[in-house]
Each structure stands twice: as structure tokens, then as C-alpha cells.
Amino acid sequence: MRVGVDVGGTFTDFVVIADGELRVFKVPSTPSAPEQAVVDGLRVGGIASAEAIVHGSTVATNALLERRGARAVLVTTAGFRDVLEIGRQNRPALYELEPERPAPLIPRDRRLEVTERVGADGGVVTPIDQASLDRLEARVRRLNPASAAVCLLFSFLHPDHERAVREALHRAGVEAVSLSSDVLPEYREFERTSTTVVDAYVAPVVASYLRRLEPAMPGPLWVVQSNGGVLRSIEAAEAPVRTVLSGPAAGVVGAQHVARASGISNIATLDMGGTSTDVAVCPGEPLRTTHAEVAGLPVAIPMTDIHTVGAGGGSIAQLDEAGALRVGPRSAGALPGPAAYGRGGTEPTVTDANLVLGRLAPDAALGDRVHLDAAQARRAVGRLVADGEHSDAALRRAALAVIAVANAHMDRALRVITLERGFDPRDFTLLPFGGAGPMHCCELAERLEIEQVLVPPHPGVLSALGALTGAHTREYTATVLDDVHALTPDRLEELFGPLEQTARDDLAPSREPRLQRLLDVRYVGQSFELSVPLGNGGVPEAARLFHERHHQRYAHSRPDAPVEIVVARLVASVPQPSIAPSAPAAAGDPELGTTQATLADGTVRDVPLLSRHDLGVGFALEGPAVVTQSDATTWVAPGWRATVDPQGAMILRRAT
């Protein structure tokens, strides 16, 4: 038995695979103690023993978003403690008259210095001063931090000074110490400092969470990292910054898994949960990035390229001071949740609007624990209607407006992840998941002129399924900063040989890892680079591929311009046991009756209400229709035709 878990803002999702059979269920999340929902779900599912529990976590993400991380100190080379605050001098809002930048995670009075200096060639310019280490130790004792980040100049070329600082910090009583030479051994002082500080800031929070969770687990605990791979819990505790996009990355891996099973390679993913919507694009493989921001903070670790907006099923709709309708980013969360959940929520949400429009079945059960209350949803949406206008038509108009605003947020997000990355959304299949994604997929596909949508068999728990399909992955880097012609075969072996040996040592308890070599490449004089695989064609082939990708991303390239290699990157992975496609449900009688639904033009119609579980392979239906299941509901809009493929996925296509 293997168990996948995804902790969301509203529900915690479970996928259990035992003896080739797949079982899914949900339990309400417990935001104040997220580990409690995991324990509750294992108890509800009757899981007493498991080969592995693979967990998509939001603990690190929430610590950053809510600024509830640990009290940390930063140690830098003398004269460089303000790098964290100076940054790149970017303005978050270019035309704002009084711009406000996010405050650094570590204030200036907890940013400390030591006397030492390493040169750009890795040579020691100034040996580390023992007296400054003694002063550092005394100062840290007075500050009494929970963790520390150490980022010395050019330490990725000569890490000994950082290790000496770590020993001094340990003597001062600080156990959790993050070294930039371990966290991100690459050049770019600000990004390296910021990433190391994030690691130190979330380390005690993640470690405490795992310590509370692990004793209650009926098997080994694994954690999904931001690139979609998985780590043992002890590895995640040692490198918590690698889990800041854990849950969303698992969803992309799960989406790719079900798309491949249905014979589809190019997908744009739409993960609409209770609090937010995460979108990504996979032109064969998920896009990766090493230049991401999380909660406004640069995090330069390799991760899946995901764009997030504050539009989810629990996003609250309200009228601003000028009377304009706003949806999100504030969310009703798990408690009290949308008004329709009957847990005390009174503010209108996207879920309430969908229920008013009949796109959610009245009195439906979500995850077997929440029963929707249509009367409460109508009462909440009524708060958006002027006094004296609480007719059914007025409520429907208000609900349609809420859906339109939420769709506009998600439409913009999908354009960012496709068009701004150099991809035409019309070349992709939209793959919606999360509890709310399938309700909005048809209208979003129409806005982007996407002709096909794939709704997975279990869309509401796809991130938990993705946790079970990601490989055990570690990444290693070495800074190069050299002309492309300088990378001879001998030089490549000199760079990658030690990285590959380290990977084999780290992953030895598993089995021989699959090793993939990558190069981060740029034109000489550029500030940012693109990653390309280093295959059998060697460096010349990698350079040619760089020109191609540069043209795709930026619509221009210069094959005659000089090119340099910035970083040599190694991805080592050991796949998890494969998940055999589950047999589609046997065809039953899917008709559950009809329900009144409001179409986009405001007209009201009786539409079929169907059970997803009873849709056999080859079943076809014409929209409009509502297809319901325990983990999600699909709204098949007018003008769309749905068929069930041999894998049990619903393929929606626009009628010609």
C-alpha cells in the first residue's frame, strides 16, 4: 500500500493504491495544525500500514506568505550585510508614487558580519579572522535566534570559511544553520543570499511540522519538492527551501501522468483549489525555472514554472469603495469556508456563486464530509445585490458576475504561462483539476481558443496522485562562467564527475539513479540564462538548442553571437513504482435527473445531472450538463461535447 497526500487550503486529499486498486477520499483541512488533517485522513481511511506516505506540503509556503517563519540571523562577509535589502533595486510597482517593497525576512540588527574575503577565482584574499568569529559567537548568544543563514562572498568556490562560521554558530547554540555553499552553490550574490535566508527562515517551522507528523505515520514519510520530485522527510528537513512549491508541483506531475495515459503530450494545467489557482504549461515536459519569486522573495532553486493567482473556490467576492466587484485574493479557507458549507461562513465565494447558478448539484456531498446548502449560498450572494432587488434573476446576475471576474483572473494567469513563455495556448490541451477546476474549464478554453479539454478520472485529488508518481530527485550544480568553446570533453568530466559521484552516494539506499546533465547558457553580456540538456551531441548541440529556445521564448536569437556557460547542472532521479492505469468504471445508469442551471448568457435551463462514476468508456454527452463525483464537479458548457476515453478520462471538445 502507498498513500499520496495533498494538504490544501480547504480539503486534504488522499489517494491510496493497494494491490493495484486506487481509492480516493478527502477530509477537511485543519489550518491551525495541518498535520492533524493528515492524521485524521489516515484514520478515516483505515490505513494502519503503508510502504510509503508521499506528502505534498504547504508548510514552507504558508510560513513565507504569512511571515510566520523562525527568528533567524544572517552572517555575511564584512561590508555585505545589506545585500539582502538592496537586492536588484527593482520597484515592485513601476508607476506607484510611494512604492513599498516587502520587508526583508531578517532585519538589519540581526544581519551580522565576519572579517574574511574569497576572490572571484576562489583564492583566499583575507583569511577568516578568529577574533571576528569570537565576536560573532558572543553576539549570537545575545540574540538567541532559532536558525541562521550564512552567505559569504564567493563561498561556492571556497566553502571552508562558511563551515568555520557554522562551527561558531553551533558553539553559540544555533543548531539550524543554512550555508549558501550547500543550499545554492552558484554565483549571483543577492539570489544566493535570498534563497539561503528563505531556507533558514522556514527550516525550524518545517522541521517542527515533520517531527509532529512523522511519529503518527504508518510508514516511511516522503515530501514532494518544488521541481515535482520527492525527498525523504529527513532530506526535506535538511533543505526545506526545496519544498516551497511542493503541492502545486505535485499537481503538474499528476497532470502529466494522466495526459500521457490518454496519449496527450502538450498540456496547460489549471489547478483550482479552495484558496488559489496554479497554472503551468508542459510542452512534452513541465517547464522549469531557477528565477522564481515566492511571496515576493527571490528563490533561485530549480522548480516547476508555476504561476499562481488568488482565485479559488473559496475566494471571497466583495464590492470595493467604488462599487466595483472584486474576487479574491482573500479566501474563506477551510474554516469557516464558503457559506454553502454551513460552517458559519457568510461572505459570498466562487463556490457559492456556482451553486446559485446550478453548476454544483444542490445538496451535493463534497468529500463525504461537507454537504452543500443552497439556501446559505443564495443568502451570501445576496449581499452583492442592492437592497430591494433580491429576485432570482438578480441573484443569478450577481453570481454570473462573480464567475466572470474569477475567470478573468485565471485567463490572465494562463496567458502569462503560455503566451509570455513563447507558447500558443491553442497548441495545448487544457487539463483542469482541483475541486473547482472542471467547473470553469470550458469557459476558460473558449476565451483562449483552446479546442480540447481533458478532465482526469479523479480531478479533485490529482495533486495527491502526482505525489505518488514523482521520482526521488536530487539536483547538483557547479558554477562555470566560461566561454562555450572552453568546455572540452575533459573539462565536462571534471565538472560533472564529482557531481555524479555525490549523486550516487546520496541515492545509494534507493538504486542506481538516472543522471541527466544540463547546462545553463546565455549570450555574453546577458543577465539571465536558459537551461538546455547536454546530450550525446555535446556542447555544440547544447548551444544550438539554446539558440532555438531563446528564439521561442523571446522571439529572437543570434546564432553568430558569443555564448557562455554559466552553470553545470545535474539532475539525479530514481523513479517511484509505476502506477498502473485504473480500470474505468463499468457503465451504469448515469442519469441522476435534471437540475436548473444558468448559462453564460443568463438563460435558465433544465440540464442533465450525471454521475461520473457510471460513465462507461465511449459514453458521450452534449453540453450543457453537470457531471458530479465525490471529489469534483464538471460543468460541460453549451457548445461542448464530452466523451469518455479508455483510461476513464473525459475528453471535452468544442462543437464545430
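Only heavy atoms go into these numbers, but all of them, side chains included; no hydrogens, no water, no symmetry mates. Just so it is clear, the model here is predicted, and its values are computed rather than measured.
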Can you name the ring pair (Phe, Tyr, Trp, His ring centres under 6.0 Å) partners of Tyr201, sequence neighbours left out?
-> none
Which residues pass the salt bridge (charged side-chain N to carboxylate O under 4.0 Å, His left out) test with Glu451, sequence neighbours left out?
-> Arg654
How many angstroms lie between atom OG1 of Thr195 and atom CZ of Arg242, to the nearest 0.5 angstrom?
-> 9.5 Å
Determine yes or no for a side-chain-to-main-chain donor-acceptor pair under 3.5 angstrom, with Ser557 supplying the side chain and His551 the backbone.
-> no
More than 12 foreign heavy atoms under 6.0 Å from CZ of Arg67: is that the case here?
-> yes
For His550, check ring pair (Phe, Tyr, Trp, His ring centres under 6.0 Å) against everything at least two apart and list the hits.
-> Tyr523, Phe546, Tyr554, His556
Decide whether Asp631 and Gln629 meet the rule of one side-chain donor and one side-chain acceptor closer than 3.5 Å.
-> yes
Qualifying residues under ring pair (Phe, Tyr, Trp, His ring centres under 6.0 Å), relative to His409, sequence neighbours excluded = none
Might you point out which heavy atoms bring Glu238 and Pro240 nearest each other, and give the distance in Å?
-> C-CD, 3.5 Å
salt_bridge(Asp305, Arg421) N-O dist < 4.0 Å = yes
Passing candidate, side-chain contact (heavy atoms from CB on, under 4.5 Å) with Val350, options Ile403, Ile316, Thr277 = Ile403
Residues pairing under ring-ring contact (aromatic ring centres under 6.0 Å, His included) where one sits in residues 83-104, two or more places apart or in two chains, turn out to be none
Is Arg517 salt-bridged to Glu475, going by a charged N under 4.0 Å from an acidic O?
-> no
Taking only residues two or more places apart in sequence, or in another chain, which ones meet Phe423 in a ring pair (Phe, Tyr, Trp, His ring centres under 6.0 Å)?
-> Phe428
Could I get the full list of salt bridge (charged side-chain N to carboxylate O under 4.0 Å, His left out) partners for Arg326, not counting sequence neighbours?
-> Asp320
May I ask you to decide whether Glu443 forms a salt bridge with Arg447, counting only side-chain N to carboxylate O separations under 4.0 Å?
-> no
Arg653: salt bridge (charged side-chain N to carboxylate O under 4.0 Å, His left out) partners, not counting sequence neighbours = none
Do Tyr209 and Pro34 have side-chain heavy atoms sitting under 4.5 Å apart?
-> yes
For Trp640 and Glu446, test the side chains for any donor-to-acceptor distance below 3.5 angstrom and give the result as yes or no.
-> yes
Could you tell me which non-hydrogen atom of Leu430 sits nearest to which non-hydrogen atom of Ile450, and how far apart they are?
-> N-CG2, 4.0 Å
Walk me through it: do Val258 and Leu431 pass the test side chain to side chain contact (heavy atoms under 4.5 Å, CB included)?
-> CA-CA 9 Å; Val258 297; Leu431 199 152; 3.9 Å; yes
With sequence neighbours left out, what residues match Arg569 under salt bridge (charged side-chain N to carboxylate O under 4.0 Å, His left out)?
-> Glu186, Asp520
Could you list the donor-acceptor pairs under 3.5 angstrom formed by side chains in residues 264-275, with sequence neighbours left out?
from   : atom 1 : to     : atom 2 : distance (Å)
Asn266 : OD1    : Gly284 : N      : 3.2
Thr269 : OG1    : Ala280 : N      : 3.1
Thr269 : OG1    : Ala280 : O      : 3.4

Could you give all pairs that pass the ring-ring contact (aromatic ring centres under 6.0 Å, His included) test and reach residues 259-307, with sequence neighbours left out?
-> His291-Phe528
By side chain to side chain contact (heavy atoms under 4.5 Å, CB included) - contacts of Val253 (at least two apart) | Thr469
Verify, without hydrogens or angle tests, whether Ser226 (side chain) and Leu245 (backbone) share a donor-acceptor contact under 3.5 angstrom.
-> yes
Quick one: do Arg415 and Glu420 make a salt bridge, cutoff under 4.0 Å?
-> no
